[in-house]
> 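Got a structure for you, written out below as structure tokens; questions coming shortly.
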Amino acid sequence: FEQAVFGHETTLSIQRRETCEVCGGSGSASGRRETCSMCGGVGRVRMTQGFFSVTRTCPQCGGMGTVVTDPCEACGGTGYIEREREIDVEIPAGVDTGLRLRLRGKGDHGTLGGPPGDLDVVIQVEPHPRFERDGADVHEALTLHYAQLVLGTSVEIETLHGPETLKIPPGTAIGNVFRLRGQGIPRLGARSGDARGDHVLHVALDVPHPRDLSEERERLLRELAETAEVPVQESGGVFKRVLRKVLD
């Protein structure tokens, strides 16, 4: 994920077809190719059946118009050899899954010694354990205590570009959204201005499990509920205390 955000240089090991150095890509030990006897050198043959006439690629020469009569021992007459190559790739900052990088001239070599084609590298970005990506923005759940939501607080957020302090105003509700501008992912190809996305925080409530509540914390919560005139479930009493000890 971080490599996709900030850019990365890597080396790919690929199998590619390269021109045979012995025969120069001709496939012939002598370097000569003979005119195909089936198509007469045009690369196509005409097949007639009744009233129908169909032209198709010559099956003997594969449409090349010439054939090899003395195959090169190095490549077996194909004109190319499979080789493993290491290709250096520079991944630009801001790439995302599905992006295709085209490396000119790094693909298979052409037939009969022709120029090489291109190598397409398709990007697959691994997920992040905390962030969810949406274009150039990253989203994260910000879990806060009830007291922090009601009274307000300041929290330190670890962004992709370092820590940032976020002020939570009093009375913040669950589901509120805060944006740390420019702390997201670089926009691919952007040069100025709005060059990076945002770090988006979605407020959630930290709800403790009942077994993690001390008797003091439970008492305070019940007092709060009573003050707010909010009905709550009755305490588990002795059974709850025994259960807590068993679970612990």
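Only heavy atoms go into these numbers, but all of them, side chains included; no hydrogens, no water, no symmetry mates. This structure is a prediction, so every number in the text was calculated from the model and none was measured.
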> Atom CZ of residue position Arg32 - does it have more than 12 heavy atoms of other residues, nucleotides or ligands inside 6.0 Å?
no
> Considering all heavy atoms of both residues, which atom of Pro208 and which atom of Leu213 are nearest to each other, and what is their separation?
CG-CD2, 4.0 Å
> For residues Pro170 and Leu151, report the shortest heavy-atom separation together with the two atoms involved.
CG-O, 3.4 Å
> Check the pair His128, Glu2 against side-chain contact (heavy atoms from CB on, under 4.5 Å), reporting the backbone distance first and the verdict last.
CA-CA 9 Å; His128 194 278; Glu2 286 79 3; 3.4 Å; yes
> Check Ala147 against His145 and note the closest heavy-atom contact, atom names and distance.
N-ND1, 2.9 Å
> Under a 4.0 Å threshold between the charged nitrogen and the carboxylate oxygen, would Arg222 count as salt-bridged to Glu218?
yes
> Name all pairs fulfilling the side chain to side chain donor-acceptor pair (under 3.5 Å) condition that reach into residues 163-173, sequence neighbours left out, sorted by first residue then second.
none
> Under the 3.5 angstrom rule, does the side chain of Asp88 hit a backbone N or O of Thr11 as a donor-acceptor pair?
no
> Look up atom CD in Glu73 and atom SG in Cys75, then write down how far apart they are to the nearest 0.5 Å.
10.5 Å
> Mind checking whether Cys58 and Arg44 have side chains closer than 4.5 Å, heavy atoms only?
no
> According to a hydrophobic-cluster definition based on side-chain heavy atoms being under 4.5 Å apart (Ile, Leu, Val, Met, Phe, Trp, Tyr only), do Ile123 and Val138 belong together?
yes
> How far does CG of Leu144 sit from OG1 of Thr153, to the nearest 0.5 angstrom?
7.5 Å
> Taking atom CD of Glu90 as the centre, report whether more than 12 heavy atoms of other residues, nucleotides or ligands fall under 6.0 Å from it.
no
> Kindly compute the distance separating CD (Glu140) from CZ (Arg130), expressed to the nearest 0.5 Å.
4.0 Å
> Any chance you could lay out the salt bridge (Lys or Arg N to Asp or Glu O under 4.0 Å) test for Asp108 and Arg16, step after step, and finish with the verdict?
CA-CA 5 Å; Asp108 286 343; Arg16 75 174 182 186; over 6 Å; no
> Could you report the tightest heavy-atom contact between Cys23 and Gly79, atom names first, then the distance?
SG-CA, 4.2 Å
> What's the separation between atom CE in Met64 and atom OG1 in Thr111, rounded to the nearest 0.5 Å?
5.0 Å
> Treating Ile, Leu, Val, Met, Phe, Trp and Tyr as nodes and any side-chain heavy-atom pair under 4.5 angstrom as an edge, say whether Phe178 and Ile185 lie in one connected cluster.
no
> Considering only heavy atoms from C-beta outward, does the side chain of Val67 approach that of Ser37 to under 4.5 Å?
no
> Considering non-hydrogen atoms only, spot the tightest contact between Val95 and Val125 and give its length.
O-CG2, 4.2 Å
> Any chain of hydrophobic side-chain contacts (each under 4.5 Å) joining Leu205 to Leu220?
no
> So do the side chains of Val45 and Arg56 get within less than 4.5 Å of each other, counting heavy atoms only?
yes
> Less than 4.5 Å apart, any side-chain heavy atom of Gln60 and any of Cys39?
no
> Mark yes or no for whether Arg133, through its side chain, and Gly135, through its backbone, hold a donor-acceptor pair below 3.5 Å.
yes
> Would you kindly confirm whether Met38 and Val68 end up in one hydrophobic cluster when ILVMFWY residues are joined by side chain heavy atoms under 4.5 Å apart?
no
> Please name the pair of heavy atoms, one in Pro186 and one in Arg196, separated by the smallest distance, quoted to 0.1 Å.
CA-CG, 3.8 Å
> For Ser28 and Ser26, test the side chains for any donor-to-acceptor distance below 3.5 angstrom and give the result as yes or no.
no
> Taking CD in Glu223 as the centre, count heavy atoms belonging to other residues, nucleotides or ligands within less than 6.0 Å. Is the count above 12?
yes
> Indicate, with yes or no, if Leu99 and Val89 share a hydrophobic cluster defined by side-chain heavy-atom contacts under 4.5 Å among Ile, Leu, Val, Met, Phe, Trp and Tyr.
yes
> Parallel, tilted or perpendicular: which one describes the rings of Phe131 and Phe1, with boundaries at 30° and 60°?
tilted
> Counting only heavy atoms not in Glu21 (residues, nucleotides, ligands), do more than 12 fall under 6.0 Å from its CD?
no
> Would you say Leu142 and Ile157 make side-chain contact, with heavy atoms under 4.5 Å?
yes
> Nearest 0.5 angstrom please: Thr159 OG1 to Leu180 CG, how far?
7.0 Å
> Side chains of Ser53 and Arg46: is there a donor and an acceptor less than 3.5 Å apart?
yes
> Could you measure the distance from the CZ atom of Arg181 to the NE2 atom of His199? Nearest 0.5 Å is fine.
13.0 Å
> If you draw a 6.0 Å radius around CD in Glu226, do more than 12 non-hydrogen atoms from other residues or ligands fall strictly inside?
no
> Side-chain contact, heavy-atom cut-off 4.5 Å: His109 with Arg17?
no
> Decide, yes or no, whether a salt bridge links Asp137 with Arg179 under the criterion of side-chain N to carboxylate O below 4.0 Å.
yes
